[in-house]
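A quick write-up on the structure given underneath.
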Amino acid sequence: MPTTLTYLAVTGVPDVVLAAWAGHTNASFTKRTYVHVAPEDMRAAAAAWDAFHGGDPKAAT
C-alpha cells in the first residue's frame, strides 16, 4: 500500500482522502507512515519552483 499512497499523494490527492483510502482517521499519521518522496518527485518540485521564479523550466530536468 505505501506505493499506492505515495503515487496518490504525489499526483495531488488531498491528505484526508489518502487517510480514508487507507482506512485511517488521522491524515498526518497516514502521510508520515506511508507516503515516501522519491528523488524524481523532488526534481519535479524543483523544476516547478524554478519556473515559478522565472527560471528556465527545462533546466532542472
Side-chain angles (χ1 to χ4, degrees):
M1 184 172 276
T3 302
T4 301
L5 291 173
T6 297
Y7 173 78
L8 293 173
V10 170
T11 58
V13 173
D15 296 351
V16 294
V17 175
L18 295 175
W21 183 280
H24 302 152
T25 57
N26 186 319
S28 295
F29 169 80
T30 304
K31 286 192 75 174
R32 183 176 60 252
T33 305
Y34 295 102
V35 176
H36 308 285
V37 179
E40 57 269 17
D41 301 323
M42 295 299 289
R43 283 191 285 276
W49 185 253
D50 190 49
F52 176 76
H53 284 284
D56 180 4
K58 296 178 184 176
T61 58

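Nothing fancy with the numbering, it's 1 onward along the sequence. Computed from a predicted structure; not experimentally measured.
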Nearest non-hydrogen partners of Ala27 and Ala19, listed with the distance: CA-CB, 3.7 Å
Residues in side chain to side chain contact (heavy atoms under 4.5 Å, CB included) contact with Val13, at least two apart in sequence or another chain: Leu8, Thr11, Val17, Leu18
Qualifying salt bridge (charged side-chain N to carboxylate O under 4.0 Å, His left out) pairs with a residue from residues 14-33, counting only residues at least two apart or across chains: Asp15-Lys31
hydrophobic_cluster_shared for Val10 and Leu5, side chain cutoff 4.5 Å: no
Heavy-atom closest contact (Thr6 atom, Tyr34 atom, distance): OG1-O, 3.4 Å
